Amino acid sequence: MRFDVFTLFPQAFDWYLSQVHVRHAVELGHEFRLTNYRDHTPLSHLQVDDTPYGGGAGMVLRIDVVCAALEAVFATDAAQVRESCRVVELTPKGRQLDDALAADLAGGDVVLLCGRYEGMDERVTHLVTDRVSIGPYVLTGGEVAAMAVLDAVARKLPGVISNPESVVAESHSAELEGGGEYPQYTRPADFRGWAVPDVLLGGNHGEIERWRAQHVQKR
Ligand code: ADE
């Protein structure tokens, strides 16, 4: 699948895109593309934002700038892009990201639109299929939220995470009925008197499975 991220700060993604599982995804044929709205603005002086109609604090990302960037990349009317892929605005006003939404987004190409300043002109609703929030708080921009979405979606793609079982039986997946994952321990078996539960050291896989099932919800 292809991920297209539109942002004013493409360099914010350098670290994330250098991560091993992203490189893995690229080797498997998935694509991560970054577009800077500013590179496609039709306005003079590389302008991308403006003051809000009706007054108020801050600046708003202009809808003509968002459309120009989408049209430059997709070579089609900006409002048509959502007919062939999911177009997601990152906004604190959106539906909260959860595992089910991540799995759903992994079903096809995804465009992520990052806002900045006070957000985007509301007419972005003509362009998007989804408005997504990563939680009930306001970030200074959509970039951190976009990385959360990229990460949650990319790890759903077959082969991206080396051990597929860890993707299925992990926290908040449907497999665990929305509950937390069971507790995990590694060496040393006893550290400062903090001991690993005996059952996990015993090698009886049936008992271990039962113990894990009992402890799934308790975290
Ligand atoms: N942009 C600013 N805050 C955000 C949030 N909580 N989720 C998604 N995008 C945002």
Side-chain angles (χ1 to χ4, degrees), residues 1-17 19 21-22 25 32-41 47-70 73-74 78-79 81-82 85-157 170-173 178 180:
M1 69 177 284
R2 186 165 63 203
F3 298 93
D4 268 291
V5 181
F6 289 76
T7 169
L8 287 169
F9 299 95
Q11 69 280 12
F13 293 83
D14 288 352
W15 171 82
Y16 177 68
L17 295 181
Q19 296 306 292
H21 65 285
V22 176
F32 295 80
R33 215 163 39 165
L34 292 168
T35 301
N36 191 336
Y37 297 113
R38 214 178 283 282
D39 292 341
H40 302 285
T41 177
Q47 185 187 348
V48 291
D49 59 341
D50 224 319
T51 52
Y53 280 123
M59 301 292 273
V60 177
L61 192 58
R62 288 177 53 134
I63 190 65
D64 49 354
V65 170
V66 176
C67 281
L70 281 167
V73 170
F74 291 97
V81 175
R82 65 179 174 184
C85 55
R86 298 286 278 274
V87 180
V88 178
E89 179 200 4
L90 283 319
T91 165
K93 294 181 269 188
R95 160 185 175 188
Q96 198 159 312
L97 178 66
D98 59 15
D99 207 66
L101 178 57
D104 190 26
L105 290 174
D109 293 345
V110 173
V111 174
L112 300 175
L113 302 178
C114 302
R116 270 272 153 172
Y117 317 116
E118 291 304 300
M120 284 193 215
D121 187 303
E122 187 67 15
R123 288 168 287 182
V124 72
T125 50
H126 295 289
L127 309 178
V128 302
T129 53
D130 304 78
R131 305 181 94 186
V132 174
S133 163
I134 60 161
Y137 39 77
V138 180
L139 302 166
T140 50
E143 286 72 19
V144 169
M147 278 182 257
V149 174
L150 287 174
D151 202 54
V153 175
R155 67 200 312 287
K156 297 284 180 200
L157 301 173
E170 71 191 342
S171 295
H172 309 299
S173 73

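Remember, it's 1-based here, ligands and their atoms both numbered in the order they're listed. Counting from 1, the numbers follow the sequence of the chain as shown. Side chains are part of it too, since the values below use all heavy atoms of this structure and drop only hydrogens, waters and symmetry mates. Since the model is a prediction, treat every value here as computed from it, not as a measurement.
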If you take all heavy atoms of [X] and [Y], which pair is closest and at what distance?
X      : Y     : result
Ala102 : Leu97 : N-CD1, 4.3 Å
Val111 : Cys85 : CG2-SG, 3.8 Å
Val22  : Leu17 : CG1-O, 3.7 Å

Decide if atom OH of Tyr53 counts as having more than 12 heavy atoms of other residues, nucleotides or ligands within a radius under 6.0 Å.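 For Tyr53, atom OH is not crowded (no more than 12 foreign heavy atoms under 6.0 Å).
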Determine whether more than 12 heavy atoms belonging to other residues, nucleotides or ligands lie under 6.0 Å from atom CZ of Arg2.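 Enclosed.
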Below the 3.5 angstrom mark, is there an N/O of [X], backbone or side chain, next to an N/O of ligand 1?
X      : value
Gly142 : no
Gly135 : yes
Ala145 : no

SB check Glu89 Arg95 (cutoff 4.0 Å):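 Between Arg95 and Glu89 there is no salt bridge, as every charged N stays at least 4.0 Å from the carboxylate O atoms.
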Distance under 4.0 Å to a non-hydrogen atom of Val132: what atoms of ligand 1 satisfy this?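 Near Val132, meaning under 4.0 Å from one of its heavy atoms, ligand 1 has 8 (C).
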Can you name the atoms of ligand 1, numbered from 1 with element, that are less than 4.0 Å from a heavy atom of Tyr137?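 Within the 4.0 Å cut-off of Tyr137, ligand 1 contributes 3 (N), 5 (C), 6 (N).
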Polar contact flag, side-chain donor to acceptor under 3.5 angstrom, Gln96-Ser133: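 No, no side-chain donor-acceptor pair sits under 3.5 Å.
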Return the residue, atom name and 0.1 Å-rounded distance of the protein heavy atom closest to [atom].
atom                   : answer
atom 4 (C) of ligand 1 : Pro92 CD, 3.5 Å
atom 9 (N) of ligand 1 : Thr91 N, 3.2 Å
atom 7 (N) of ligand 1 : Ile134 N, 3.0 Å
atom 3 (N) of ligand 1 : Leu139 N, 2.9 Å

Can you find a non-hydrogen atom of Gly141 under 4.0 Å from ligand 1?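 In this structure, Gly141 qualifies as a contact of ligand 1 - some heavy atom is under 4.0 Å.
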